[in-house]
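A short write-up of the structure that comes next.
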Protein chains: 2
Amino acid sequence: MILVHMRLSARVDYAIRAVIELATIEPVVAGKPPAEFPITSERIAKAQEIPPKFLESILLQLRRGGVVNAQRGPEGGYWLARPADQISLAQVIEIIDGPLSQVRGHVPAELDYQGPARTLQEVWVAVEAQERRMLEQVTFAHLASGQLPF
Amino acid sequence: MILVHMRLSARVDYAIRAVIELATIEPVVAGKPPAEFPITSERIAKAQEIPPKFLESILLQLRRGGVVNAQRGPEGGYWLARPADQISLAQVIEIIDGPLSQVRGHVPAELDYQGPARTLQEVWVAVEAQERRMLEQVTFAHLASGQLPF
DNA sequence: CATTACCCTACTAAGCCGATAGGTTAAATC
DNA sequence: GATTTAACCTATCGGCTTAGTAGGGTAATG
């Protein structure tokens with residue numbers, strides 16, 4: 001929401017933590033299932049204390065968004081579709097919650113302010129740009145390693 | 001809100017535009033009513049196309065927050081409680097919508113992440129700080145004059 | 001073919017949001 | 001002092017979103 005208002009939904013928070021969990025366990029090569037078993041939804045749910053069925057629907061969304069792959073059956077589970085350093089926070093947030101910035105349901109660029117309020121639009125656009133810059137910069141490789149780029 | 005998600009509610013959007021309107025009409029000296037009449041809620045509502053009764057409740061909130069003063073009766077209305085260059089965007093946003101940044105209803109500093117997700121908290125805190133820096137920097141003097149500090 | 005774990009749709013309770021209704025109180029005017 | 005004006009204040013409401021659950025379908029393994 002920001003903003004301009006950074007308001008993170010439970011859904012996004014859970015999604016990010018789930019991806020971190022996948023990025024932490026083991027490195028991924030070109031989106032192939034890892035040498036060991038993939039990680040089950042249930043295991044992630046326990047590790048991060050996320051309601052199991054809720055997480056399931058989030059992982060489904062992440063798969064459709066191209067962030068994770070999945071396999072069914074025994075020894076099934078989830079793994080990252082790309083190396084962790086090619087998945088940014090911004091990507092996961094937008095897959096789950098839609099566009100980063102909104103003002104009354106509209107993206108800042110398409111607002112139609114009157115008179116002196118017009119300068120306001122420039123502010124929202126600038127804040128959004130700054131926010132986007134940060135969130136695109138941080139990858140899940142950073143998060144998994146605990147090393148931030150700032 | 002962001003974020004991390006810049007999500008601006010209609011309420012905040014209206015509040016900001018109302019304060020811009022007050023800041024634009026005439027300068028304020030030490031919170032005293034202006035030489036001419038104060039500006040009525042109805043006039044602001046028309047100028048900025050805001051639902052009148054909704055705006056009324058917003059102005060009430062702004063008065064309780066110390067941003068505007070009001071006077072009742074004929075020739076009554078609203079005016080800025082301080083000079084426009086001493087009212088920041090951040091102040092108005094927080095008066096109307098509460099804390100700038102929230103993650104699942106909590107402010108970033110009081111989150112309790114487990115294991116590798118702990119680094120995440122640093123990200124939220126950093127994003128919030130950056131956002132706050134911008135929004136505290138922009139005052140309604142800037143907005144009224146159309147000159148942004150960046 | 002039985003088990004496991006993902007897939008998918010539908011649903012629900014609760015809360016928030018935008019907005020309105022309608023009356024109360026204070027200040028100015030006549 | 002009666003009237004008018006405009007702010008003050010509370011309550012309410014419909015609609016949407018959010019967080020979370022239920023329950024069955026489907027693919028992979030052995």
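Predicted model, so just to flag it, every value in this text is computed and none were measured. Throughout, a chain's letter reflects where its sequence line sits, starting with A, and its residues are numbered from 1.
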List, with names and distances, any nitrogen or oxygen atoms from the protein found under 3.5 Å away from nitrogen or oxygen atoms belonging to nucleotides 24-30 of chain C.
{"residue": "C:dT25", "atom": "O2", "partner": "B:Arg72", "partner atom": "NH1", "Å": "3.0"}
{"residue": "C:dA26", "atom": "O4'", "partner": "B:Arg72", "partner atom": "NE", "Å": "3.3"}
{"residue": "C:dA28", "atom": "OP1", "partner": "B:Gln71", "partner atom": "OE1", "Å": "3.3"}
{"residue": "C:dT29", "atom": "OP1", "partner": "B:Glu75", "partner atom": "OE2", "Å": "3.0"}

Working for salt bridge (Lys or Arg N to Asp or Glu O under 4.0 Å), residues B:Glu128 and B:Arg132: CA-CA 6 Å; B:Glu128 183 192 17; B:Arg132 162 161 274 113; 3.3 Å; yes
Shared hydrophobic cluster for A:Ile95 and A:Leu80 (ILVMFWY, side-chain gaps under 4.5 Å): yes
Nearest-angstrom distance from the residue atom CD1 of B:Ile58 to P of C:dA19: 8 Å
Closest to side chain of B:Ser9, choosing from C:dT20, C:dG18, C:dC6: C:dG18
Touch class at under 4.0 angstrom, heavy-atom based, for A:Glu56 against every strand present: base
N/O (side chain, A:Arg63) to phosphate O (OP1/OP2, C:dA5) under 4.0 Å: no
Whole-Å distance separating the CZ atom of A:Phe54 from the C1' atom of C:dT12: 14 Å
B:Tyr78 and B:Asn69: CA distance, side-chain angles, deciding distance, side chain to side chain contact (heavy atoms under 4.5 Å, CB included) verdict: CA-CA 6 Å; B:Tyr78 298 89; B:Asn69 289 333; over 6 Å; no
All side chain to side chain donor-acceptor pair (under 3.5 Å) counterparts of B:Arg118, not counting sequence neighbours: none
Distance below 4.0 Å between A:Arg64 side-chain N/O and C:dC8 OP1 or OP2: yes
Degree of bending in the helix from C:dC1-D:dG30 to C:dC30-D:dG1 once both end axes are built from five pairs, to 10°: 10°
Distance in angstrom units between A:Lys46 NZ and C:dA5 P, rounded: 10 Å
Integer-rounded Å distance: C:dT9 P and A:Lys53 NZ: 13 Å
Spacing of A:Gln61 atom CD relative to C:dT9 atom C1', expressed in whole Å: 14 Å
Straight-line distance of A:Leu120 CG to B:Asp13 CG, nearest 0.5 Å: 6.5 Å
Path from B:Val107 to B:Val123 over hydrophobic side-chain contacts below 4.5 Å: no
With sequence neighbours excluded, residues passing side-chain contact (heavy atoms from CB on, under 4.5 Å) with B:Arg63: B:Leu60, B:Val68, B:Ala70
For chain A, the stretch of DNA chain D it reaches, first to last nucleotide, under 4.0 Å of its heavy atoms: D:dA19 to D:dG30
CA sep, side-chain torsions, deciding dist, call: B:Ile20, A:Thr119, side chain to side chain contact (heavy atoms under 4.5 Å, CB included): CA-CA 10 Å; B:Ile20 289 179; A:Thr119 309; over 6 Å; no
Length of the line joining A:Leu59:CG and C:dC7:P, which is rounded to integer Å: 8 Å
Any pair counted as side-chain hydrogen bond (donor to acceptor under 3.5 Å, both in side chains), so long as it reaches residues 139-150 of chain A, sequence neighbours left out: A:Thr139-A:His142
Closest listed nucleotide, where the reference is the side chain of A:Ser41 and the choices are C:dT9, C:dC6, C:dG18: C:dC6
Test log, rule side chain to side chain contact (heavy atoms under 4.5 Å, CB included), inputs B:Asp85 and B:Phe140: CA-CA 6 Å; B:Asp85 65 359; B:Phe140 284 86; over 6 Å; no
Residue from A:Arg82, A:Gln86, A:Glu136 passing side-chain hydrogen bond (donor to acceptor under 3.5 Å, both in side chains) with A:Gln91: A:Arg82
Phosphate OP1/OP2 of C:dC17: any B:Tyr14 side-chain N/O under 4.0 Å: no
